Novice: 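Supplied in structure tokens, the structure appears directly below.
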Amino acid sequence: MQHFIVIGNPINHSKSPQIHHAFAESVGLDICYQRQFCPDNKDSFEAVVQAFFAGGGVGANVTLPFKETAHQLCHSTGALSDDAKMAGAVNTLMVRDGKLYGDNTDGRGLVSDLLSQGIDLTNKKIAILGAGGATRGAILPLLHQGAHLAIYNRTLAKAEQLVQDFNHPNLSAHSLDELQQDTHFDVIINATSATTTGQSMDFGRITADFAYDMMYGKPSAFLAHFANQGAGTSDGFGMLIHQAKLAFELWTGATVDLSAVAIAP
């Protein structure tokens, strides 16, 4: 039996065990996937990771608040994928060539979910609201699809820092105030925590063909606003499934057919 964990604080809400056990059943693997609570400090996180892999663990997912800590650990003692390097965060851990290896499947999961819904990203105009970790993790996979990205953030300097860090001609930074201008996007993505916190946002006069909220499980004023315009909409549950699929396939070498897996939100 192969052993896996998801490390977080809090962790009881995590759907990862349900998702990965469903993946394993669909490909005929016998696994044990458990939630692992960890005190919110660097030393505890490193101790949990070391003990898990020393005990024969195969793979670990990392959720809040440890994604940046996992990145620092892999940077100092192991290796990082290109996505993890640019995201500055790790959500997937394994041992590769005797070293801890960190990847970030969040952005690729977002892209996979959009593509699975028939959303073409090549040369498309995409707006992302927010300039935090969720946006940073999504930028490289979206650019790899040939998208043109406009990052809107309340603090313009944070969006400008992302543009500077990625240094790509298809990337631009904007203040949320610019949402008051008449601008149309093929896709608009909410990468802020407004849906979770209930914080109100002014979406101005911006329009879009398709709106995607990275959050899920709560009513989204963001999605409701663009649905009222006639836009197609999606929450982030599919992103959760796709990022988990990428991690599972990285760990096991198996290929998951999502059409053969039933996972309820």
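Treat the numbers as computed from the prediction; the structure is a model and nothing was measured. Any value given below was found using the heavy atoms of this structure, including those in side chains, with hydrogens, waters and symmetry copies removed.
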Novice: Would you indicate whether the side-chain heavy atoms of Thr207 and Phe185 approach each other to under 4.5 Å?
Specialist: no
Novice: Any donor and acceptor pair, going by atom type alone, linking the side chain of Glu46 with main-chain N or O of Leu73 inside 3.5 Å?
Specialist: no
Novice: With a 3.5 Å cut-off and no angle check, do the side chains of Ser172 and His174 form a donor-acceptor pair?
Specialist: yes
Novice: Any side-chain heavy atom of Ile7 sitting closer than 4.5 Å to one from Phe52?
Specialist: no
Novice: Applying the side-chain contact (heavy atoms from CB on, under 4.5 Å) criterion to Asp213, which one of Asn190, Thr233, Thr192 satisfies it?
Specialist: Asn190
Novice: If two hydrophobic side chains count as joined below 4.5 Å and joins carry through other members, does Leu80 share a cluster with Met86?
Specialist: no
Novice: Enumerate the salt bridge (Lys or Arg N to Asp or Glu O under 4.0 Å) contacts for residues 166-183, please, sequence neighbours excluded, ordered by first and then second residue.
Specialist: Asp182-Arg205
Novice: Show the numbers, then the answer: is there a side-chain contact (heavy atoms from CB on, under 4.5 Å) between Leu100 and Met94?
Specialist: CA-CA 6 Å; Leu100 189 66; Met94 63 188 296; over 6 Å; no
Novice: Grouping I, L, V, M, F, W and Y whenever their side-chain heavy atoms are under 4.5 Å apart, do Val58 and Ile5 come out in a common cluster?
Specialist: no
Novice: Closer than 4.0 angstrom, basic N to acidic O: yes or no for Arg108 and Asp113?
Specialist: no
Novice: Answer yes if Ile139 and Leu156 sit in the same cluster of Ile, Leu, Val, Met, Phe, Trp and Tyr residues linked by side chain heavy atoms under 4.5 Å apart, and no otherwise.
Specialist: no
Novice: Under the ring pair (Phe, Tyr, Trp, His ring centres under 6.0 Å) rule, collect the residues that match up with Tyr33, sequence neighbours excluded.
Specialist: His20
Novice: Would you find a donor on one side and an acceptor on the other, under 3.5 Å apart, between the side chain of Trp251 and the backbone of Phe4?
Specialist: no
Novice: Within a strict 4.5 Å, meaning less than it, do heavy atoms of the Asp30 and Gln2 side chains meet?
Specialist: no
Novice: Please check this pair: side chain of Ser220 against backbone of Leu223, looking for a donor-acceptor N/O pair closer than 3.5 Å.
Specialist: yes
Novice: Please check if the side chain of Thr77 supplies one atom and the backbone of Cys74 the other of a donor-acceptor pair under 3.5 Å.
Specialist: no
Novice: Kindly compute the distance separating CG (Asp106) from OG1 (Thr135), expressed to the nearest 0.5 Å.
Specialist: 11.5 Å
Novice: Is it the case that one hydrophobic cluster holds both Phe237 and Leu64, taking links as side-chain heavy atoms less than 4.5 Å apart, direct or via other members?
Specialist: no
Novice: Taking all non-hydrogen atoms of both residues into account, name the closest pair between His242 and Gly109 and its distance.
Specialist: CB-O, 3.4 Å
Novice: Taking Cys38's backbone N and O only, do any of them form a donor-acceptor pair with Asn9's side chain (distance below 3.5 Å, no angle check)?
Specialist: yes
Novice: Pick one: which of Val163, Val187, Leu143, Leu162 meets side-chain contact (heavy atoms from CB on, under 4.5 Å) with Leu149?
Specialist: Leu143
Novice: Would you mind reporting whether Thr255 and Val27 have side-chain heavy atoms less than 4.5 Å apart?
Specialist: no
Novice: Donor-acceptor check, side chain of Asn61 to backbone of Thr92, threshold 3.5 angstrom: yes or no?
Specialist: no
Novice: Using only atom types and a distance under 3.5 Å, with no angle test, would you say the side chain of Gln36 pairs donor to acceptor with the backbone of Ile11?
Specialist: no
Novice: What is the distance from atom CG of Asn91 to atom CG of Asp83, rounded to the nearest 0.5 Å?
Specialist: 10.0 Å
Novice: Near Gln50 CD, under 6.0 Å, is it more than 12 heavy atoms from other residues, nucleotides or ligands?
Specialist: no
Novice: Any side-chain heavy-atom pair from Tyr216 and Lys15 closer than 4.5 angstrom?
Specialist: yes
Novice: For His3 and Ile31, run side-chain contact (heavy atoms from CB on, under 4.5 Å): C-alpha distance rounded to whole Å, both residues' side-chain angles, the deciding distance at 0.1 Å, then the answer.
Specialist: CA-CA 6 Å; His3 288 265; Ile31 74 164; over 6 Å; no
Novice: Indicate whether any N or O donor in one side chain lies under 3.5 Å from an N or O acceptor in the other, for Asn153 and Glu160.
Specialist: no
Novice: Once you round to the nearest 0.5 Å, how far does CD1 of Ile128 lie from CD1 of Ile151?
Specialist: 6.0 Å
Novice: Testing the basics here: between Tyr152 and Thr183, what is the closest heavy-atom pair and its distance to 0.1 Å?
Specialist: OH-CG2, 4.5 Å
Novice: Please round to the nearest 0.5 Å and tell me the distance separating atom CG of Leu250 and atom OG1 of Thr105.
Specialist: 8.5 Å
Novice: Checking Gln145 against Thr122: is there a side-chain donor and acceptor pair closer than 3.5 Å?
Specialist: no
Novice: Answer yes or no: does atom CG of Asn228 have more than 12 heavy-atom neighbours from other residues, nucleotides or ligands under 6.0 Å?
Specialist: yes
Novice: Can you check whether Leu142 reaches Asn170 side chain to side chain, under 4.5 Å on heavy atoms?
Specialist: no
Novice: Can a donor-acceptor pair be found between the side chains of Tyr212 and Asp235 at a distance below 3.5 Å?
Specialist: no
Novice: Identify the heavy atoms of Ala260 and Ser26 that sit nearest to each other, and give their distance.
Specialist: O-CB, 4.5 Å
Novice: Answer whether the closest heavy-atom distance between the side chains of Phe53 and Leu93 falls below 4.5 Å.
Specialist: yes
Novice: Going by the rule ring pair (Phe, Tyr, Trp, His ring centres under 6.0 Å), which residues pair with Phe45 if we only count those two or more places apart in sequence or in a different chain?
Specialist: Phe66
Novice: Find the distance between CD1 (Ile241) and CZ (Phe248) and round it off to the nearest 0.5 Å.
Specialist: 13.0 Å
Novice: Apply side-chain contact (heavy atoms from CB on, under 4.5 Å) to the pair Leu140 and Phe166, showing each step before the final yes or no.
Specialist: CA-CA 8 Å; Leu140 193 62; Phe166 283 84; 4.2 Å; yes
Novice: Over all heavy atoms of both residues, which pair between Leu246 and Ser112 is shortest? Give the atoms and the distance, please.
Specialist: CD1-OG, 4.5 Å
Novice: What distance do Ile189 atom CD1 and Met239 atom CE have between them, rounded to the nearest 0.5 Å?
Specialist: 9.0 Å
Novice: So which heavy atom on Ser14 is nearest to which on Arg35, and how close?
Specialist: O-NH2, 2.9 Å
Novice: Got Ile126 and Leu121 here, is their nearest side-chain heavy-atom distance under 4.5 Å?
Specialist: yes
Novice: Atom NE2 of residue position His21 - does it have more than 12 heavy atoms of other residues, nucleotides or ligands inside 6.0 Å?
Specialist: yes
Novice: Around atom CG of Asn12, are there more than 12 heavy atoms of other residues, nucleotides or ligands at under 6.0 Å?
Specialist: no
Novice: With the 4.5 Å side-chain cut-off for hydrophobic clustering, are Val62 and Val95 part of the same group?
Specialist: yes
Novice: Got more than 12 heavy atoms from elsewhere within 6.0 Å of CD, Glu25?
Specialist: no
Novice: Please name the pair of heavy atoms, one in Gly78 and one in Lys99, separated by the smallest distance, quoted to 0.1 Å.
Specialist: CA-CB, 4.3 Å
Novice: Can a donor-acceptor pair be found between the side chains of His184 and Asp209 at a distance below 3.5 Å?
Specialist: yes
Novice: Run the side-chain contact (heavy atoms from CB on, under 4.5 Å) check on Phe210 and Ser234 step by step: do they pass?
Specialist: CA-CA 8 Å; Phe210 190 86; Ser234 175; 3.7 Å; yes
